[in-house]
Amino acid sequence: MKKVLSIFVLTAFAIAVQGQALLHRATVDGRVDSVRMAINLPQQYTGEGVIIGVTDWGFDYTHPVFYDTNMVHYRVLRAWDQFKTSGPAPAGYNYGTEYIGAEALLTALCDTSNVYDYAYHGTHCAGIAGGGGAGTQYRGVAVDAEFLFVSVSLTDEEVIDAWRWMYDVAQQEGKRLVISMSWGLYWLDNMDGTGPLAEEMQRLNDLGVVFVTSAGNNGDENDHIMHTFTQQDTVRTLFTFPHSSIGSSITMMGTPGFPFAFSLFAMDNSYNIVAETPFLSTNNGGIYEDWLVVNGDSVYYTFLADSANSYNNRPQVQLDVAKQSGYKFGLAVTSAGGDFHAWNMALIETKYGNWGGAFTRPSTSPGWADVDALYGISTPGNIDCAVTVAAHASRYQAASGNWGGGSIASFSSSGPSLSQTSKPDISAPGKNVVSSISSYTNTYSGSYYTSVQFNGRTYYFAQLSGTSMACPFVAGVAALVLQANPNLSAAQVKEILLETAYEDQYTEISGPLRFGAGKVNAYQAILKALTTVSVNDFASPKESLFTVYPNPASDHCFVTANTDSPATLCQIIDLSGRTVFQTTLTPGVNSLSLNGLTPGYYLMKISDEKTAVTKKLVVQ
């Protein structure tokens, strides 16, 4: 039997019509408002010169939030609809349809109907990352960033293709790239953050791509069990079928060197076992299907067993069980040693879901496994180099003067990672966030928060909740950081985000398993980016028009202007935003006296009628 590798992963379908964490409140909570006001900063930072790539579904290419804040300049560079078969496919690929430039995108209108029908999730997420607001207060974080969209078909191959395509386009444009991924799966790659996706993500991360991903929405569901085998014994658990599912898809993972065997059983309402399968061992790797007959009723199940996964050497099983009412279903697992983990996820029509169903234990006896909501971060959030984002409610002050919000969203998935790294990494506003919705959707059934008219069409804004909303918020902040210092490595961007995150009474209550390093702080991240010396050179082509040396410098430095402009303005700006030195550059080598400047960090802004470049200058 061939296993069907199609999926369903819209992670943010907890929709609330009334709420307090609107997008404009989210920007205050994440300190984006301070960046916009350029408080003690040399300039505003809006994501200009940075590309945000969004992998999702439900893109409305015509939505006015994808123009600049004046609704004049269109900011989507390209889109790749991996589901649309009409072509042309991107160069080097043999599937999907690529749209290049505003005319092609605006003519296409939106991505095609696919397994998610005409969705809306991608437009909402992209609007949070960098939507221009379309004249409303619901502006995204990086309002001048440009976009790449991929309506992605989530298998290993298609996801990797999407990443590579985005990277190649960003290289052609000479700009830094942040990839935002508001999705996650429990069977794609491995739950310990290893696999082909992890390898490719790390490769691109080393090349400067910043990956930001949602932590998942299973924090309020006991969909995980863990048991440590100290000798050859057996542990049992019951599982419930997740809501809106046709069954359960259960991922099981053991410890290298310790194969395990499992049995599927059914109980009546008095917890008597009425049917069970033989124990099925991971030593017998392969794909299997069979029926469990319960008092004349047949329950279909299939599983894929791996005796030792090629990426982590762990024994693993993917078990799918069709829903059957009237009985209680469970697993018995036996092994000689090691830690055993299992996750219970939704199985729906030809697709796998990413929402969980509960494991339960009817008895406190030692033979039943403990259940919890831990280790809830799935792929790609469980990959070490990803910036994995939890969701909290924005802190706000009501008209009465009282403060509300601030706590972790109950649905936000909990860490740690199975690799024992700290996951999630950081938290951002993700509860009741208003953003743009595709005007072409036929799947959205909630209320609209507001609407605007543009080019004779009505465009909507709606309120959604999920780590899907928190992820693009942090992706937008990463774009601000890269505008402030384009030469930072992707690892440095992640480090800056985590080191500048702020803590409060809510992070103390829920701790790092829910909040990671704390709540994202765009303002402090910008300040740190401006004073961080990059370890790699990811300069865009326009950066190479001007070189500064030596840097750090003492009493003087040289600036080489590789342009034909007869007069180029050069300003040295301190971190309070004050211009402390100004001169005019001419083509060739220019000597600048730094006498009188206090040792420290400065920005050098160089501009002519065509180009504006900001470089960091260290005075010793």
Side-chain angles (χ1 to χ4, degrees), residues 47-127 129-132 134 140 142-153 158-159 161-181 436-442 452-460 472 479:
E48 183 179 1
V50 180
I51 295 173
I52 298 176
V54 184
T55 57
D56 215 301
W57 321 265
F59 293 110
D60 181 349
Y61 305 140
T62 71
H63 204 294
V65 296
F66 300 135
Y67 291 77
D68 63 11
T69 53
N70 295 320
M71 298 168 67
V72 174
H73 173 63
Y74 186 66
R75 293 182 292 127
V76 184
L77 299 176
R78 301 189 191 190
W80 181 12
D81 188 339
Q82 293 187 340
F83 297 95
K84 192 169 185 178
T85 59
S86 61
Y93 302 91
N94 59 5
Y95 65 98
T97 300
E98 181 183 35
Y99 303 105
I100 302 175
E103 182 178 356
L105 285 156
L106 296 175
T107 300
L109 303 179
C110 65
D111 55 358
T112 190
S113 176
N114 50 56
V115 294
Y116 315 109
D117 217 334
Y118 285 100
Y120 53 89
H121 191 261
T123 301
H124 197 273
C125 293
V143 296
D144 286 328
E146 293 173 303
F147 288 107
L148 295 173
F149 295 152
V150 175
S151 302
V152 65
S153 175
E158 278 82 1
V159 171
D161 285 349
W163 294 347
R164 290 175 177 173
W165 175 80
M166 287 179 168
Y167 175 73
D168 289 342
V169 174
Q171 288 297 103
Q172 294 169 27
E173 295 288 332
K175 296 177 180 178
R176 294 300 300 275
L177 173 65
V178 179
I179 295 181
S180 180
M181 302 173 290
S436 44
I437 287 285
S438 173
S439 65
Y440 297 95
T441 182
N442 60 3
V452 297
Q453 296 293 316
F454 183 69
N455 288 341
R457 187 174 179 84
T458 303
Y459 293 90
Y460 298 97

Using a 4.5 Å cut-off on heavy atoms from C-beta on, say whether the side chain of [Y] contacts that of [X].
{"X": "R176", "Y": "I51", "value": "no"}
{"X": "V178", "Y": "V50", "value": "yes"}
{"X": "F147", "Y": "F59", "value": "no"}
{"X": "I179", "Y": "W163", "value": "yes"}
{"X": "Y95", "Y": "D161", "value": "yes"}
{"X": "T62", "Y": "F454", "value": "no"}

Q. Should we count CD of E103 as having more than 12 external heavy atoms under 6.0 Å?
A. no
Q: Using the six-membered ring wherever Trp is involved, compare the ring planes of W80 and Y93 and label them parallel, tilted or perpendicular (cut-offs 30° and 60°).
A: tilted
Q.
Quiz question: by atom type and distance under 3.5 Å, do the side chains of S439 and R457 form a donor-acceptor pair?
A. yes
Q. Does a donor on one side chain and an acceptor on the other come within less than 3.5 Å for D60 and Y459?
A. no
Q. Is the side chain of T123 donor-acceptor paired with the backbone N or O of G58 at a distance under 3.5 Å, no angle test?
A. yes
Q) Just by modelled atom types, is the S153 backbone N or O under 3.5 Å from a matching donor or acceptor in the Q82 side chain? A) yes
Q.
Under the criterion side chain to side chain contact (heavy atoms under 4.5 Å, CB included), I'd like the reasoning laid out for W57 against F83: C-alpha separation, chi angles, the key distance, then a yes or no.
A. CA-CA 10 Å; W57 321 265; F83 297 95; 3.7 Å; yes
Q. Which heavy-atom pair separates P64 from V452 by the least distance, and what is that distance?
A. CG-CG2, 4.1 Å
**Q.** Separation between CG of D56 and OG of S180, rounded to the nearest 0.5 Å
**A.** 8.0 Å
